[in-house]
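Below is one structure, written out as structure tokens; comments come after it.
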Amino acid sequence: MSQSNETRAVTRFAPSPTGSLHLGNARTALFSYLWARKTGGRFILRIEDTDAERSQLRYRDELMEQLRWLGLDWDEGPDVGGPSAPYSQAERGEFYRTLYARLEAQQQAYPCYCTPEELELSRKLQRMAGKPPRYAGTCRGLTAAQRAEREARGLKASLRFAVPAGVVVEFTDAVHGPQRFASGDIGDFIIRREDGTAAFFFCNAVDDSAMGVTQVLRGDDHLTNTPRQLMLLDALELRRPGYGHVGLLVGEDGAPLSKRHGSTSAHEFRERGFLSIAIVNQLFRLGHAADVDGWLSASDMPAHFRPDHLGRAPARFEESQLVHWQKESLERMSAAEIRAWLGSNDPLDFVELVRHNIVLPPDASAWRSVIQGDLAPLGAEEQRIIAAAGPAFFAAASDAFAQSNRDVKVLAKILKERTGRKGAELFMPLRVALTGQAHGPELAPLLKLIPPQIAQRRLESHAQNS
RNA sequence: GCUCCCUUCGUCUAGAGGCCUAGGACACGGCCCUCUCAAGGCUGUAACACGGGUUCGAAUCCCGUAGGGAGCGCCA
């Protein structure tokens, strides 16, 4: 296994442009990217847009934008070209046609005239009989005359791969190890749709091979599909890429990540203000055992990627862990970078002051209004602190503030003499009255940023009544 | 139904027969620091799904059971 890790891996990400980049896909893209970068190989982006109905150019562009945002760049792809162009399957029809012709000439593929209704019925019947729902082979034995008769009736045909009987397909999965499947368990499957477009099993396998991909990394859900693709490649005498199937990414309830888990696309996390490097650090550790615990920069990540430590079990995505990487990422940014991330024009000293109390951009707005606008209503803990201090304290505080020239040290000294309070007993009520919150950045510099009249008013407001 | 896959602390994982009284990280609790939060330091709670084997010895190997998942699509 270590042998293959040393060689230059050619990997790919092959999304279908039918929606935005899902976290699960983002993770396999990341792993593929890292594998290529780690070994000095190549990373290919191929767009699987054979389903004209659902594929949209808009989605393709979004996908590419989101990959770039995550820091994944490709060496070959629809926009940058490469030796295996074109990289959109919709444009590879000619290549597919020569392969179909070969398969038909070798009698390893045949036209199928069954209608969707007939197929549906057949599957239903088989299910009821307790049998696996496989293609019955109705059209496999059709004579030339029978085919001609169907053509004459104007029937459209799909093309099916004739699965060889009695074959055992073996391969070594990069994450699951040795695998064996019997061809008898696999029905003849469609490789060209009735409309002439290539079906997934076919174009996906054939392109990986033709593009020189050495390591296919994909979700576990494809594991049992792999023998089909292998038989196809074998029939065409095309080189087999290595396959690796990683455990799926699931939500906090253990079910596959879906809408009901809230955000599931990279785009949604971006909208909420998560940093791409935070997301990448999190994905890096889901279904993958890194050799370090700490935060990694994008440039350090490839060296720490371990293809032989990819996980078989489903990995649960938990936002609390993402938040950790978000904090770690923020710690490593300059105030100017944080300001840019916030998209604000806050003074840098303000950013510097509140940065450790920010996880997502809305946290910054809260502090912004503390120094300029109104305070949010007090929470339970805050109310308790105010009540415990009492109006007399704030009357004294208000006086003291007027003499303090906004210097917390001076303010505290006067108050200490007047009230006998010190430490938390003294500072906490001040903090709550001035900021409306029981936690936050250091009080002294914060006070300097609050306009004096506003600070004065906040202290006085608690001196009045209970 | 058939075929295949998966199962270590709440979560991510280390672990490839003795180094495991199972390690780390996140989260959670405590202590220190401190006006508070965060950060940092120290520290605590917490897991080998179950049952049989094999072995001097099993989280690690074998066989079952249970639970979860995937595939069997003219969707990728």
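Below, read A as the first sequence line, B as the second, and so on, with proteins coming before strands; counting in each chain starts at 1.
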Carboxylate-amine/guanidinium contact [X] [Y], below 4.0 Å:
| X | Y | answer |
| --- | --- | --- |
| Asp234(A) | Arg240(A) | yes |
| Arg58(A) | Glu62(A) | yes |
| Asp399(A) | Arg418(A) | yes |
| Glu425(A) | Lys422(A) | no |
| Glu319(A) | Arg272(A) | yes |
| Glu120(A) | Lys124(A) | no |
| Arg180(A) | Glu170(A) | yes |
| Arg332(A) | Glu328(A) | yes |
| Arg46(A) | Asp208(A) | yes |

Atom [atom1] of [X] and atom [atom2] of [N]: how far apart are they, to the nearest Å?
| X | N | atom1 | atom2 | value |
| --- | --- | --- | --- | --- |
| His309(A) | rA14(B) | NE2 | P | 7 Å |
| Arg312(A) | rC6(B) | CZ | P | 7 Å |
| Lys131(A) | rG71(B) | NZ | P | 23 Å |
| Glu318(A) | rC12(B) | CD | P | 7 Å |
| Leu249(A) | rC12(B) | CG | P | 10 Å |
| Glu252(A) | rC12(B) | CD | C1' | 12 Å |
| Phe284(A) | rC26(B) | CZ | P | 16 Å |

task: For the residue pair Arg339(A) and Leu348(A), establish whether any side-chain heavy-atom pair is separated by less than 4.5 Å.
output: yes
Determine the interatomic distance between [atom1] on [N] and the same-named atom on [M]; round to the nearest Å.
| N | M | atom1 | answer |
| --- | --- | --- | --- |
| rA47(B) | rA38(B) | P | 27 Å |
| rA59(B) | rA49(B) | C1' | 12 Å |
| rU21(B) | rC35(B) | C1' | 43 Å |
| rC4(B) | rC9(B) | P | 27 Å |
| rU45(B) | rC6(B) | C1' | 28 Å |
| rA58(B) | rG18(B) | P | 11 Å |
| rG73(B) | rU55(B) | P | 46 Å |
| rU11(B) | rG52(B) | P | 26 Å |

From the set [options], return the single nucleotide nearest to any side-chain atom of [X].
| X | options | result |
| --- | --- | --- |
| Gln179(A) | rG10(B), rC5(B), rA70(B) | rC5(B) |
| Ala313(A) | rC12(B), rC2(B), rC6(B) | rC6(B) |
| Arg228(A) | rU7(B), rC12(B), rG71(B) | rG71(B) |

message: Any strand counts, and the cut-off is 3.5 Å on both contacts for Watson-Crick or G-U wobble. Which nucleotide pairs with rU60(B)?
response: none
Reference residue Arg192(A); test side chain to side chain contact (heavy atoms under 4.5 Å, CB included); the match among Leu159(A), Leu103(A), Leu99(A), Thr50(A): Leu159(A)
query: rC6(B) phosphate, OP1 or OP2: any side-chain N/O from His176(A) under 4.0 angstrom?
result: yes
statement: Reading nucleotides 29-46 of chain B from 5' to 3' and marking B where a protein heavy atom lies under 4.0 Å of the base, S where only the sugar-phosphate is that close, and - otherwise, the string is ------BBBS--------
query: If each of Arg180(A) and Leu286(A) is mapped to the nucleotide of RNA chain B with the nearest heavy atom, which maps nearer the 5' terminus, i.e. the 5' end?
result: Arg180(A)
If you restrict it to nitrogen or oxygen atoms, what contacts under 3.5 Å exist between nucleotides 73-76 of chain B and the protein, and what is each distance?
from: rG73(B); atom 1: OP1; to: Pro133(A); atom 2: O; distance (Å): 2.9
from: rC74(B); atom 1: O2; to: Glu194(A); atom 2: N; distance (Å): 2.8
from: rC74(B); atom 1: N4; to: Cys114(A); atom 2: O; distance (Å): 3.2
from: rC74(B); atom 1: N4; to: Glu194(A); atom 2: OE1; distance (Å): 3.4
from: rC75(B); atom 1: OP2; to: Arg193(A); atom 2: NE; distance (Å): 2.6
from: rC75(B); atom 1: O3'; to: Arg193(A); atom 2: NH2; distance (Å): 3.4
from: rC75(B); atom 1: O2'; to: Arg54(A); atom 2: NH2; distance (Å): 2.8
from: rA76(B); atom 1: OP1; to: Thr50(A); atom 2: OG1; distance (Å): 3.3
from: rA76(B); atom 1: OP1; to: Arg193(A); atom 2: NH2; distance (Å): 2.1
from: rA76(B); atom 1: OP2; to: Arg193(A); atom 2: NH2; distance (Å): 2.4
from: rA76(B); atom 1: O3'; to: Glu48(A); atom 2: OE1; distance (Å): 3.3

